[in-house]
Amino acid sequence: MRTGLARHLTRERILLVIVLGLVGAIAALTPKFLTATNLQITSRYLVEIGLVAIPMTMIILIRGIDISVGSIVALATIVLGFSWQVYRLPMAMAILLAVAVATFCGFLNGLVITRVRVPDLVVTLSTLAIYRGIAEGLGGGQRVYLYQDPLMRWIGEGQWFGIPLGLFLLLPAVAVAGLALDRTAWGRFLYAIGHNETAARFAGIRVDRIRLLVYTLSGLASGVSAVFLAGRLGTARSTAGLGLEFEVITAVVVGGTAISGGEGSIWGSFLGVVLVTALRNGLNLIGVPSPIQAMITGALLILTVLINENLRLRLRGWVRPLALAPGEEPVVEPTPAANPGPAERR
């Protein structure tokens, strides 16, 4: 019975119960939480986090990390704003240029990781500073106001049937990525790389090509997220995306993706995004100061890692050896005797 219960209590089901409980608790504390206006505001922020969380899940699955996503978002918003205002590009062209620049940034991360063989953390930590510095240099501390353009107003405020436009992009993206991980050979390759990269190489999996692709997808998702962020705020500025990488990684890990690689799902990451977004919005409505919010989010990350690790070991049937009682000696199983040699037979 316990085995059957363990099989049904998957991370996603447990996380769904936690999300529903959190929503209920916040709604009980503040009636503004479930209002239509607040849900629309929260959904728009959820889109920005969720888009980046999809490739981040794949990166962590293969034992990588990308902490440059926030800086890529900042650079993309600056490119969007200044190419529209200074160089007078049509807004649609400025959006395409910004997404292309962000995609190239992700490609550059993957290229250095796979060709130069520099660790993921070192590369993305370096590009976090480089991309942010470029954004600040181009922006010069100024803001570009984008609400004058009807396309950006539509991206930032548009909705269909009361649902923000971004959700019509995020939800299909989650479905496609989730099915790709669950049902395709490419998804199995990601899990294989996360479990044992050396064995995956011997099995003929093109590890470097896959790693390059997922980092490129991370740049692409960051660029699209930057467009929705710029539309929501109505401005392009170099401070955009500050702390985004922390919230995305927290959401992915809360969703059950193991930092050690090889375990996780897009479905769990999406629930993690919902939980982190709802928690942040609820704390804002309750009036919790920003430093306390950061502390709560950090504590949530540590607690989730501990719980996920314990759950992973339990679901695998791993049992800790019992400690011996005082004075008790360990029982050693007898080993079968080796066949006697010719000298011993005599």
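This structure is a prediction, so every number in the text was calculated from the model and none was measured.
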Less than 4.5 Å apart, side chain to side chain, heavy atoms only: is that true for [X] and [Y]?
X: Thr103; Y: Leu217; answer: no
X: Leu190; Y: Val214; answer: yes
X: Asp208; Y: Arg115; answer: yes
X: Lys32; Y: Asn38; answer: no
X: Ile113; Y: Arg117; answer: no
X: Arg183; Y: Arg188; answer: no

| query | Checking salt bridge (Lys or Arg N to Asp or Glu O under 4.0 Å) for the pair Glu197/Arg63: CA distance, chi angles, key distance, verdict? | reply | CA-CA 9 Å; Glu197 181 176 330; Arg63 297 188 181 186; over 6 Å; no
| message | Please tell me whether Leu125 and Val122 are part of a single hydrophobic cluster in this structure, the criterion being side-chain heavy atoms less than 4.5 Å apart. | response |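 Per the 4.5 Å side-chain linkage, Leu125 and Val122 are co-clustered.
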| said: With a 4.5 Å cut-off on side-chain heavy-atom distances among I, L, V, M, F, W and Y, is there a chain of contacts connecting Leu89 to Trp154? | reply: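 In one cluster: yes.
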| message | Among Ile67, Val253, Asp66, which residue satisfies the side chain to side chain contact (heavy atoms under 4.5 Å, CB included) criterion with Met56? | response |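 So, applying the side chain to side chain contact (heavy atoms under 4.5 Å, CB included) to Met56 and each of Ile67, Val253, Asp66, only Asp66 qualifies.
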| message | Consider side chain to side chain contact (heavy atoms under 4.5 Å, CB included). Of Val73, Leu220, Leu75, which one does Cys105 pass it with? | response |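 Exactly one candidate clears the test, Leu75.
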So, [X] side chain and [Y] main chain: donor-acceptor pair closer than 3.5 Å or not?
X: Ser269; Y: Ser265; answer: yes
X: Gln40; Y: Gly162; answer: yes
X: Thr184; Y: Gly187; answer: yes
X: Thr30; Y: Ala27; answer: no
X: Tyr215; Y: Ile65; answer: yes
X: Tyr191; Y: Leu181; answer: no
X: Asn281; Y: Thr277; answer: no
X: Ser225; Y: Glu48; answer: yes

Is a donor from one side chain sitting under 3.5 angstrom from an acceptor on the other, for [X] and [Y]?
X: Tyr45; Y: Glu247; value: yes
X: Glu263; Y: Thr257; value: no
X: Thr124; Y: Ser68; value: no

| query | Has Arg44 got its NZ or CZ under 6.0 Å from the middle of the six-membered ring of Phe228, at an angle within 45 degrees of the ring axis? | reply |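 Ring-cation test returns no.
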